[in-house]
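The structure appears below as structure tokens.
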Amino acid sequence: MIPLPFLLSAAPVLASAYDFSAPSDTSQQQTPSLVTRGEGFIRSPLNVLPDPAPPKLIKGRQNEVAIENQFTGTRYGVDIEVGTPGQKLTLILDTGSPDTWVNPTCETANVPEDCRTFPVYDWRKSSSLNATRVTDILVYGKGNATIQYVRESVKIGGATVRNQVIGVALESHDIPLGILGLSPPIRGVNEYPYILDTMKEQRLINSRAFSMDLRTVDSPEGALIFGGVDTGKYIGSLAKLPMLARNETPRGADRYYVTMSGVGLTYPDGLVERSQELEVPVFLDSGGTLSRLPRRIYQAFASSFADTEYDPSTGFYFLDCNVADLEGSIDFYFGDKVINVPFNDFIWHVQGYCVLGVLPDDDGEPVLGDTFLRAAYVVFDQDNRNLHLAQAANCGSNIVAISTGPDAVPSATGRCTAPPSRPTSGNSNLDVTAERGPTATFTGVGPTGIDIGPGPVATRVSGTGPLGINPTGESGACSLPIQGWKAVMGALVIWFFM
């Protein structure tokens with residue numbers, strides 16, 4: 001097996017051997033709908049993608065009232081352009097994996113009809129394509145993709161990233177959209193320059209850092225800012241939290257892990273419950289629809305709501321949708337910083353059901369997914385290995401560039417004002433050490449044909465093989481569905497956390 005970094009560095013030679021050309025990127029066209037560009041930063045909108053549903057239920061995105069139940073917070077997408085001339089695509093934003101790839105196989109997606117509604121990249125129409133012979137199988141918490149690496153022009157917001165290494169899927173399973181990966185290299189060493197690396201190298205941003213604002217579950221759009229912070233999107237100060245080193249994470253993976261020091265609830269009557277002091281490593285994953293926490297925290301949250309029904313087949317706790325209208329929150333503590341997630345944002349609204357936005361972590365990697373991130377403004381600083389957290393809000397826009405060095409992320413206080421505090425009726429302890437069983441079992445038919453985010457990447461198989469993209473336009477890919485290659489995992493798979 002030829003090492004992946006060597007093959008990528010030799011890509012121009014390999015491309016010419018197979019009659020691929022690598023012309024300079026002449027794409028200079030700006031796309032107003034995607035652009036907010038400033039010195040040292042790039043802003044790209046984040047779109048809440050409608051949850052797959054029968055066609056008669058899908059209405060125009062501009063009518064928020066009519067489609068409120070379609071903005072379920074299942075997926076968050078980023079519009080980019082790939083190739084020359086640019087071809088507009090929508091990718092899932094994923095802070096749980098580092099690779100960026102396009103063109104999922106709709107026939108084997110979990111919701112094929114939904115997959116087919118999105119455009120695909122046609123490499124034949126791009127003059128900036130430079131293919132390699134390197135292939136990979138990427139395995140996520142849900143689904144997998146066999147990709148071939150190419151170098152291409154990628155436009156995000158107002159910036160064009162030239163000769164970026166991305167994957168073009170030869171085959172994929174259970175994933176309806178390509179992925180924009182923004183995590184650190186999971187094994188701690190770059191296999192190749194990822195999007196953030198190339199942006200910094202080409203001086204589009206000053207540091208490998210970005211900020212993310214998912215907005216509330218009812219908001220159709222948030223923002224992703226490479227190299228910048230928007231002080232109009234949070235309250236108070238940004239708390240600097242050090243990322244855990246690989247040897248401090250549960251499975252030795254280098255992810256956006258920080259230490260969560262407590263959890264709690266604020267009830268509509270003002271009662272505040274908080275757990276004892278904890279030291280739970282959690283990583284922030286925008287590609288995960290739901291959060292996954294230690295089982296007893298999951299049980300404590302579920303038992304705090306009346307009339308919940310447990311579905312043993314999925315682990316979902318169904319609850320009365322009227323709870324989403326109550327003024328209360330699920331609370332997460334990180335030292336002195338607390339992020340209050342309103343009930344409406346922590347509850348997953350899907351096909352007329354309401355599901356508590358947490359599952360038990362049975363894999364040893366606790367995750368704070370979209371059900372947490374909707375209430376948090378987060379700055380991800382890879383260069384300094386810090387995450388910066390604040391309570392999300394929206395009071396306009398004031399983007400400040402992230403500079404360089406240990407204090408690259410500005411310490412500016414958010415421009416938003418906290419809402420008036422509600423009277424409290426006391427404080428109580430939330431016991432997250434007790435084992436709690438469900439009080440009722442769900443016996444109905446739950447949501448069907450749904451798409452949950454792929455979750456964090458777990459494994460990678462690297463090698464070379466028949467080209468999937470070649471001058472004849474025919475596919476020569478030789479790939480296996482997950483059931484097939486699992487049989488040879490012992491010989492081929494490189495576990496990211498080894």
Side-chain angles (χ1 to χ4, degrees), residues 4 7-8 11 20 49 75 77-83 87-94 96-126 129-154 164-183 191-192 194-195 287 451 453-470 472-486 492-493:
L4 175 59
L7 280 170
L8 290 176
F20 282 102
L49 304 177
R75 303 168 298 179
V78 180
D79 289 334
I80 69 170
E81 293 183 17
V82 175
Q87 301 175 42
K88 186 177 289 187
L89 304 174
T90 299
L91 304 184
I92 297 172
L93 170 65
D94 190 10
S97 64
D99 301 280
T100 294
W101 60 273
V102 301
N103 287 14
T105 306
C106 289
E107 289 74 17
T108 52
N110 44 358
V111 189
E113 297 79 10
D114 175 55
C115 176
R116 295 188 185 103
T117 64
F118 294 94
V120 297
Y121 162 69
D122 187 344
W123 60 271
R124 301 168 189 83
K125 296 180 180 179
S126 175
L129 171 74
N130 186 356
T132 80
R133 293 188 60 196
V134 185
T135 58
D136 255 352
I137 298 176
L138 306 176
V139 183
Y140 297 84
K142 177 176 179 291
N144 65 91
T146 303
I147 63 172
Q148 178 178 335
Y149 287 105
V150 303
R151 292 181 182 270
E152 257 292 18
S153 292
V154 177
Q164 176 60 46
V165 177
I166 64 172
V168 179
L170 309 177
E171 182 179 51
S172 66
H173 298 265
D174 293 330
I175 302 176
L177 284 167
I179 289 175
L180 175 64
L182 294 177
S183 84
E191 296 285 342
Y192 59 88
Y194 300 124
I195 286 277
D451 168 40
V457 72
T459 61
R460 179 201 301 274
V461 180
S462 300
T464 61
L467 286 173
I469 300 173
N470 57 51
T472 67
E474 299 173 353
S475 174
C478 178
S479 59
L480 294 171
I482 189 168
Q483 293 83 0
W485 67 261
K486 271 186 174 179
L492 294 177
V493 172

Under 4.5 Å between any side-chain heavy atoms of N110 and P176, yes or no?
-> yes
Identify the heavy atoms of Q87 and K125 that sit nearest to each other, and give their distance.
-> NE2-CB, 3.9 Å
Value for CD1 (I147) from CG (L138), rounded to nearest 0.5 Å, stands at 4.0 Å
Between T146 and W101, does a side-chain contact (heavy atoms from CB on, under 4.5 Å) hold up when you go through it step by step?
-> CA-CA 10 Å; T146 303; W101 60 273; over 6 Å; no
Backbone N or O of Y121 within a donor-acceptor pair of the N103 side chain at under 3.5 Å?
-> yes
Qualifying residues under side chain to side chain donor-acceptor pair (under 3.5 Å), relative to Q164, sequence neighbours excluded = T198
Please identify each residue that fulfils side-chain contact (heavy atoms from CB on, under 4.5 Å) with T108, with sequence neighbours left out.
-> T105, H173
Rounding to 0.5 Å, atoms OG1 (T132) and CZ (R151) come to a distance of 8.5 Å
Report yes or no: does T100 contribute a side-chain atom to a donor-acceptor pair with the main-chain N or O of G181 at less than 3.5 Å?
-> yes
Are the side chain of E152 and the backbone of I166 linked by a donor-acceptor contact shorter than 3.5 Å?
-> no
Counting only N and O atoms by type, is there a donor-acceptor contact under 3.5 Å from the side chain of E107 to the main-chain atoms of P112?
-> no
If you measure from OH on Y140 to CD1 on I175, what distance do you get to the nearest 0.5 Å?
-> 6.0 Å
side-chain contact (heavy atoms from CB on, under 4.5 Å) filter on C106, not counting sequence neighbours, yields C115, R116
Any side-chain heavy-atom pair of S97 and I179 under 4.5 Å | yes
Closest non-hydrogen atom pair, Y194 against P98 = CD2-O, 3.4 Å
Under 3.5 Å donor-acceptor, S126 side chain and W123 backbone = no
Output for pair (L180 CG, D79 CG), nearest 0.5 Å, gives 11.0 Å
Validation row: F118, L91 side chains within 4.5 angstrom (heavy atoms) | no
